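Note that this is a predicted model, so its numbers are computed, not measured. The sequence lines fix the lettering, A, B, ..., with proteins before strands; numbering per chain opens at 1. What you see below is based on every heavy atom in this structure, not just the backbone, and it leaves out hydrogens, waters and symmetry mates.
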There are 2 protein chains.
Amino acid sequence: MNAILDSFDDISKAAPEPIYQQIKKTIQRRIESGDWIAGQKLPSENDLVVALDVSRMTINRALRELTQQGLIKRVHGLGSFVAEAPRHASLIELQDIALEIEQDGKHHSSQVLSLDTVAASPQIAAQLELPEGSQVYYLRAVHLQDGLPIQLESRYVNPLAMPEFIGQDFSGVTATAYLLQQFKPDEMEHRVRAVMPDRAQRELLAMEDGEPCLQLTRRTWSDDQVVTYVTLTYPGNRHELGARYATNEYQLR
Amino acid sequence: MNAILDSFDDISKAAPEPIYQQIKKTIQRRIESGDWIAGQKLPSENDLVVALDVSRMTINRALRELTQQGLIKRVHGLGSFVAEAPRHASLIELQDIALEIEQDGKHHSSQVLSLDTVAASPQIAAQLELPEGSQVYYLRAVHLQDGLPIQLESRYVNPLAMPEFIGQDFSGVTATAYLLQQFKPDEMEHRVRAVMPDRAQRELLAMEDGEPCLQLTRRTWSDDQVVTYVTLTYPGNRHELGARYATNEYQLR
DNA sequence: GCGCTATACTTGTATATACAAGTATGTTAC
DNA sequence: GTAACATACTTGTATATACAAGTATAGCGC
């Protein structure tokens with residue numbers, strides 16, 4: 001146990017860096033170096049109070065923030081433990097096509113192809129977690145960047161969750177923007193595939209023969225209901241998904 | 001100003017929920033409802049101490065955690081302000097192919113096609129941020145899931161950053177796993193495209209004619225150097241990228 | 001007008017203390 | 001043996017207090 005506490009040599013109250021930060025970094029280094037392994041018990045707050053001659057609140061703050069960062073886990077009444085190593089996740093950001101285009105300094109427009117109430121096929125009903133044959137809203141639209149088609153939107157909406165959807169005018173706002181305004185999603189599922197477009201899609205996207213598409217499908221939950229199930233199809237040669245991040249700009253809990 | 005403080009009616013010291021939580025939620029609701037707009041100044045800690053009859057440390061904790069969550073911004077000596085609304089980001093997780101396959105309960109194997117030192121083409125040199133014609137390491141490998149090819153890896157490695165790379169044996173560990181073990185990336189860039197494979201790729205991936213591929217390219221930085229630039233090619237009909245998240249499992253700062 | 005200083009207000013950090021509440025263990029009563 | 005209880009140790013929260021340090025402003029001296 002003393003060996004563990006010895007790790008905390010270099011805590012200095014005179015240093016310009018706050019004490020709680022120094023404690024955090026010390027622990028963080030030990031964990032990331034693999035020196036302390038997952039599940040291992042950390043010294044208790046009181047142990048550290050004695051060893052470092054620092055107030056318990058200061059130590060509490062350090063450990064609390066490490067917990068928020070996912071490096072350690074704390075159990076009320078039991079102690080603090082090194083957390084399992086997080087999955088190494090890399091992330092791609094997806095956002096509303098209209099925003100994305102306009103951030104590029106280009107002009108976005110869209111064209112609604114259809115907006116109807118239809119009976120859900122078994123497949124669609126399953127995706128929306130509704131009984132087969134339920135009435136659902138179905139929107140089809142093309143999004144253009146400087147006049148060139150760049151995204152095909154095929155969206156099913158759960159009328160129980162979004163009754164107003166059918167009456168909206170989507171020439172001005174995108175359905176994505178409208179829905180995000182209406183509710184706060186609490187769960188999302190994404191899939192990205194490469195597919196060959198059928199002829200109708202190829203024509204709508206003004207694509208050459210033999211060109212593939214990037215296809216993104218997304219389901220969005222709110223209140224344990226699937227609100228919307230959307231398939232976005234992009235011409236493979238005209239669009240790519242991507243992002244660049246500093247690795248501490250995002251966090252997975 | 002009083003109108004703002006009136007929002008804090010429902011703070012109860014007797015409630016089972018901690019006071020700092022109640023304060024956080026109250027503020028969070030006001031911000032998310034659009035009631036308080038970006039840039040608006042919040043009451044100071046001392047204002048809240050008086051208004052809520054709560055210790056300053058409790059309020060400090062609430063505001064500090066809201067800052068960590070990105071909902072507010074605090075300026076030392078000035079005050080606390082409602083933060084700009086975060087971009088609405090949705091994320092896809094990418095991870096080592098070997099891990100992904102084995103988490104699926106399937107068997108991963110890989111085959112190194114080549115591992116050489118080559119002169120970087122202008123394009124490759126640019127991606128690696130090296131002078132044209134630099135010597136770089138070049139690895140090509142196929143990854144198989146239960147014997148079926150599922151990923152083609154084409155990786156360039158900066159020898160200045162990873163001199164040991166060329167001497168490794170990648171039949172046991174994947175290059176991804178090896179590199180992640182060697183250094184901690186501090187920045188990453190991802191792109192996802194749909195492409196048609198050339199004949200060599202099609203054969204390596206055992207694909208039918210006319211099938212598209214999902215192509216992911218990634219650049220990884222450490223110490224402001226590009227360490228590796230990799231292109232991963234997946235058969236479109238055999239693999240998709242995806243993830244499902246509760247929206248508060250990730251966070252973008 | 002210009003520059004300096006004093007002042008008031010803000011957030012940031014650290015401490016000492018207190019009590020609540022969860023977990024595990026040992027002990028006692030039956 | 002088993003159930004109830006006591007105890008020791010842990011984290012979780014809340015308070016009162018103190019000082020440091022950043023920002024803006026008012027007022028003063030010149």
Side-chain angles (χ1 to χ4, degrees), chain A residues 1-2 4-5 8 10-27 31 36 39-83, chain B residues 1-2 4-5 8 10-27 31 36 39-83:
Chain A
M1 203 51 130
N2 245 348
I4 291 187
L5 289 176
F8 293 91
D10 42 353
I11 305 295
S12 150
K13 297 199 186 185
E17 199 178 19
I19 302 177
Y20 79 93
Q21 272 289 1
Q22 299 180 47
I23 298 175
K24 280 180 67 178
K25 283 199 180 170
T26 304
I27 296 176
I31 293 179
W36 295 357
Q40 181 170 342
K41 186 170 182 182
L42 269 67
S44 77
E45 295 191 354
N46 280 318
D47 290 345
L48 290 171
V49 165
V50 174
L52 308 188
D53 188 32
V54 159
S55 155
R56 193 191 140 208
M57 284 308 290
T58 301
I59 293 174
N60 181 270
R61 174 166 178 184
L63 295 180
R64 186 148 37 82
E65 293 190 2
L66 286 172
T67 305
Q68 288 166 349
Q69 291 175 21
L71 262 92
I72 66 175
K73 291 214 179 296
R74 316 192 75 197
V75 183
H76 191 173
L78 245 184
S80 305
F81 307 86
V82 177
Chain B
M1 203 50 131
N2 244 345
I4 290 185
L5 289 176
F8 292 92
D10 42 353
I11 305 296
S12 150
K13 298 198 185 182
E17 199 178 20
I19 301 177
Y20 79 93
Q21 272 289 0
Q22 298 180 46
I23 297 175
K24 280 179 68 177
K25 283 199 181 170
T26 304
I27 296 175
I31 293 178
W36 295 356
Q40 181 170 342
K41 188 170 182 184
L42 269 67
S44 78
E45 295 191 354
N46 279 319
D47 289 346
L48 290 171
V49 165
V50 174
L52 308 189
D53 189 32
V54 160
S55 155
R56 192 188 141 210
M57 285 308 291
T58 302
I59 294 177
N60 182 271
R61 174 166 179 184
L63 295 180
R64 185 150 36 82
E65 293 192 2
L66 286 172
T67 305
Q68 289 166 348
Q69 291 176 19
L71 263 92
I72 67 177
K73 291 215 178 298
R74 315 191 76 196
V75 183
H76 190 172
L78 246 185
S80 305
F81 307 86
V82 177

Under the 3.5 angstrom rule, does the side chain of [X] hit a backbone N or O of [Y] as a donor-acceptor pair?
{"X": "N60(A)", "Y": "M57(A)", "result": "no"}
{"X": "T58(B)", "Y": "V54(B)", "result": "no"}
{"X": "K13(A)", "Y": "D53(A)", "result": "yes"}
{"X": "Q22(A)", "Y": "S12(A)", "result": "yes"}

Practice item. Quick one: do L63(B) and I27(B) satisfy side chain to side chain contact (heavy atoms under 4.5 Å, CB included)? Show the steps, please. Key: CA-CA 9 Å; L63(B) 295 180; I27(B) 296 175; 3.7 Å; yes

Practice item. Evaluate the side-chain proximity of E65(B) to Y20(B): yes if any heavy-atom separation is below 4.5 Å, no if none is. Key: yes

Point to revise | 5' precedence on DNA chain C between Q21(A) and G77(A) (nearest-nucleotide basis) | key: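 On the 5' side of the pair lies Q21(A).
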
Study note, to complete from the structure: Footprint ends on DNA chain C, 5' to 3', for atoms under 4.0 angstrom from a heavy atom of chain B, come out as dT10(C) to dA14(C)

Review point. Which parts of residues 57-64 of chain A get close to DNA chain C, meaning a heavy atom less than 4.0 angstrom away?
Key: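 Heavy-atom contacts with DNA chain C come from M57(A), T58(A), R61(A).
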
Point to revise | Side-chain ion pair, E45(B) and R74(B), N-O less than 4.0 Å | key: yes

Exercise for review: Drop me the distance from I59(B)'s CD1 to S80(B)'s OG, to the nearest 0.5 angstrom.
Suggested key: 10.5 Å

